[in-house]
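Structure first, then comments.
What's counted below: heavy atoms across the whole structure, side chains too, no hydrogens, waters or symmetry copies. Each chain gets a letter, A, B and so on, in the order its sequence line appears, and its residues count up from 1. Note that the structure is a prediction, hence the values are computed from the model and not measured.
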Amino acid sequence: MDAKVRVRFAPSPTGGLHLGGVRTVLFNYLFAKHNNGEFILRIEDTDQSRFVSGAEQYILDTLAWCGLSPDESPVHGGAYGPYRQSERKADYKKYADQLIAQGNAYYAFDTPSDLEAKRAEIPNFQYSRAHRMEMKNSISLSAEEVEALLKNNTPHVVRIKMPENEEVVFEDIIRGEVCFDASTVDDKVLLKADGMPTYHLAVVVDDHLMKITHAFRGEEWLPSAPVHILLWKYLFGLDQMPKWAHLPLILKPDGHGKLSKRDGERLGFPVFAMDWTDPITKETTIGFKEKGFLPEAFINLLALLGWNDGTDKEIFTMEELIANFSLDRVHKGGAKFDYEKAKWFNQEWIKIMDNEKLSQLVQPYFDQAAIEIHEHDYLVKIIGLVKERCHLLPDFITQSAFFFKAPTTIDTASIAPKWEVKKQQFFEALVGIYTDHISAGKQTIPAIELEAHFKELATLHELKPGELMLPFRIMLVGGKFGPGVFEIVEAIELKDTCNRIQYCLQLLSTN
RNA sequence: GGCCGGUUCGACUAUCGGUUAGGUCGCCAGGUUUUCAUCCUGGAAAGACGGGUUCGACUCCCGUACCGGCUACCA
């Protein structure tokens with residue numbers, strides 16, 4: 001029996017989490033849960049120069065919003081901690097030393113400016129076999145020189161010594177066999193001058209120490225895979241290595257290339273899961289959450305970007321995704337992100353979501369718009385009435401504000417041209433009838449009855465109901481939109497209806 | 001430039017040698033809604049190219065083109 005499935009998502013805390021990142025988490029999570037395995041969050045904070053405060057908390061918050069809770073993480077704890085690479089520094093040094101002792105790695109004393117000069121001098125410079133001997137390192141230098149340099153604490157890095165004439169072959173779960181000629185890859189830095197590991201060393205050491213069985217990451221990592229394979233071979237043995245899967249990229253909707261933060265700003269849609277505010281510039285980049293997406297929809301649309309279950313089914317709950325997810329149905333090619341389809345997913349989720357639950361999500365938007373909700377049950381009812389008209393959560397404001405307070409702008413221009421005295425009289429009579437009902441103690445009347453009364457009265461005034469409906473609607477909601485007029489009347493009740501009619505009649509007579 | 005990966009309607013995709021190449025988003029037209037949305041019906045719309053293999057290729061092989069990724073003491 002195989003060891004328990006363990007996967008990890010290992011982001012760098014450098015800023016907001018974008019679509020591609022969240023999808024990588026999702027596939028990790030789905031795979032883990034489908035196989036009764038564990039999902040680990042590991043923070044790759046080895047680059048001090050790129051560290052951004054608040055980014056780790058942001059990642060945690062994002063995972064929580066998405067419903068992708070880790071089994072182990074810096075805050076959830078676990079038996080394989082610490083889960084921040086900056087806190088595991090000693091481990092990496094140990095393995096770097098081992099590699100040097102085995103002859104698989106070496107010290108390099110070249111300064112950043114040395115390297116810069118070399119790159120300027122030689123086009124397409126690679127720190128590899130071709131130029132190794134021209135550089136300052138423990139292969140080109142004598143043992144005495146190296147020892148002296150080390151003794152003086154000369155800043156240095158540790159580089160992997162890529163082998164000659166070796167083919168690195170490995171099996172990628174979604175791509176099949178991938179093959180590299182090791183000599184075409186340069187001698188990557190493993191341990192930096194500040195003692196921190198680079199990604200290459202850290203990922204291998206930590207995946208081993210944390211007993212990771214399956215390693216999933218974006219396709220951009222494929223070219224450095226041979227380095228990692230070799231490190232596994234030198235350090236822990238290939239039989240211990242996790243299975244790899246390089247996920248396809250999420251591309252720009254227009255043009256070409258990897259989707260970036262800039263594309264969202266340019267094209268007017270979010271690329272981050274949640275709002276991200278840069279702690280230094282204070283600049284906020286909008287997220288799917290704040291744009292008004294439901295987490296269920298966000299997860300759903302991400303899952304279908306590069307994966308499907310082989311049927312025509314497109315709407316999936318998290319449980320269904322877990323039950324049906326399989327890596328062999330993940331696409332090889334990158335997928336262009338389509339915001340229109342993303343909104344469609346959200347609309348579908350709004351339609352099927354429970355009204356009570358929606359009301360809680362929508363409440364903050366009403367608060368923000370300074371629309372007071374006096375009765376919660378009323379809000380729930382209204383949500384049911386307008387939900388199929390909403391793509392994003394803020395749409396509930398535009399679609400239903402008039403249920404809570406009279407519209408401030410009235411599209412009288414759409415009534416005025418065909419307005420006539422007969423209609424004026426009709427509405428005055430209607431107000432009279434409603435007023436009688438109010439006097440009789442009725443606050444509202446069922447929509448069907450309202451409609452019947454309305455038609456009767458229209459006939460009495462020798463008018464067709466059809467030419468009265470639009471003006472009536474505009475009087476009530478301010479424009480040409482919204483649910484059925486009589487449902488609106490029933491909801492806002494007779495008194496308010498009369499007020500709105502009278503206000504509008506006044507508006508029309510002064511014009 | 002080098003290395004690696006990818007390529008079916010505008011977009012997301014189904015197809016695992018034999019189909020009128022299917023679905024969804026979007027778009028267009030019609031119906032329902034006496035508004036808008038929903039909903040229903042219909043429509044336009046695709047195998048990058050060239051060679052093989054095969055009775056037969058979108059599917060397998062080779063080449064070309066195009067697109068992308070990587071080529072940092074960043075991940």
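Across all strands shown, B:rA21 forms no Watson-Crick or G-U wobble pair with both key distances under 3.5 Å. Pairing partner, B:rC9: none, since no Watson-Crick or wobble contact has both distances short of 3.5 Å. The partner of B:rG26, taking Watson-Crick or G-U wobble pairs whose two distances both stay under 3.5 Å, does not exist in any strand shown. Shown here, B:rG1 forms a base pair with B:rU71; the pair counts as Watson-Crick or G-U wobble because both key distances fall under 3.5 Å. Using N1 to N3 plus N6-O4 or O6-N4 for Watson-Crick, or N1-O2 and O6-N3 for G-U wobble, each under 3.5 Å, B:rA37 pairs with nothing. Base-pair partner of B:rU59: not found among the strands shown (Watson-Crick or G-U wobble, both distances under 3.5 Å). Pair check for B:rA44 finds none; no Watson-Crick or G-U wobble contact set falls under 3.5 Å.
Donor-acceptor pairing under 3.5 Å, judged by distance alone, is absent between the side chain of A:Arg389 and the base of B:rU38.
Using a 4.0 Å cut-off, no side-chain N or O of A:Arg50 falls inside it from OP1 or OP2 of B:rC73. The side chain of A:His331 places no N or O atom within less than 4.0 Å of a non-bridging phosphate oxygen (OP1 or OP2) of B:rG6. The side chain of A:Thr46 places an N or O atom within less than 4.0 Å of a non-bridging phosphate oxygen (OP1 or OP2) of B:rA75. The side chain of A:Lys192 places an N or O atom within less than 4.0 Å of a non-bridging phosphate oxygen (OP1 or OP2) of B:rC74. Contact between the side-chain N/O atoms of A:Arg217 and the OP1/OP2 oxygens of B:rC70 is not found at any separation under 4.0 Å. Side-chain nitrogen and oxygen atoms of A:Arg159 include at least one within less than 4.0 Å of the OP1 or OP2 phosphate oxygen of B:rC73.
The nearest whole Å value for the distance from the CG atom in A:Leu201 to the C1' atom in B:rA75 is 14 Å. In this structure, A:Asp254 atom CG and B:rG68 atom P are separated by 12 Å, rounded to whole Å. Counting to the nearest Å, the C1' atom of B:rC16 and the CG atom of A:Asn308 are 13 Å from each other.
When each of A:Leu222 and A:Glu451 is assigned the nucleotide of RNA chain B with its nearest heavy atom, A:Leu222 is the one assigned upstream, toward the 5' end. The nearest heavy atom of RNA chain B to A:Gly484 and to A:Asp181 marks one nucleotide each, and the one closer to the 5' end goes with A:Asp181.
Across all strands shown, A:Gln126 has heavy atoms under 4.0 Å from sugar-phosphate atoms exclusively, and none from any base. Within 4.0 Å (heavy atoms only), A:Lys188 reaches sugar-phosphate atoms of the nucleic acid but no base atom. Heavy atoms of A:Pro155 sit nowhere under 4.0 angstrom from any nucleic acid atom. Among the atoms of the strands shown, only primed sugar atoms or phosphate atoms (P, OP1, OP2) are found under 4.0 Å from some heavy atom of A:Lys258. Within 4.0 Å (heavy atoms only), A:Gln347 reaches sugar-phosphate atoms of the nucleic acid but no base atom. Within the 4.0 angstrom heavy-atom criterion, only backbone atoms of the sugar-phosphate kind lie near A:Cys179; the bases stay farther away. As judged by a 4.0 angstrom heavy-atom cut-off over every strand, A:Ala193 is placed among the base-contacting residues. Among the heavy atoms of the strands lying under 4.0 Å from A:Val189 are primed sugar atoms or P, OP1, OP2 only; no base atom is included. The residue A:Pro483 sits close to a base: some heavy atom pair falls under 4.0 Å.
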Which atom pairs link the protein and nucleotides 23-25 of chain B when you take only N or O atoms and keep those under 3.5 Å?
from   : atom 1 : to       : atom 2 : distance (Å)
B:rU24 : O4'    : A:Glu314 : OE1    : 3.2
B:rU24 : O2'    : A:Glu314 : OE1    : 2.4
B:rU24 : O2'    : A:Lys341 : NZ     : 3.0
B:rU24 : O2     : A:Lys341 : NZ     : 2.8
B:rC25 : O2'    : A:Lys341 : N      : 3.4

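Each of B:rC74, B:rG68, B:rC70 was ranked by its minimum atom distance to the side chain of A:Glu220; first place goes to B:rC70. In this structure, the nucleotide among B:rU35, B:rU34, B:rA72 sitting nearest to the side chain of A:Pro465 is B:rU34.
The aromatic ring centres of A:Trp232 and A:Phe170 sit 6.0 Å or more apart.
For the salt bridge (Lys or Arg N to Asp or Glu O under 4.0 Å) test, residues two or more places apart in sequence or in another chain that qualify with A:Lys341 are A:Glu314.
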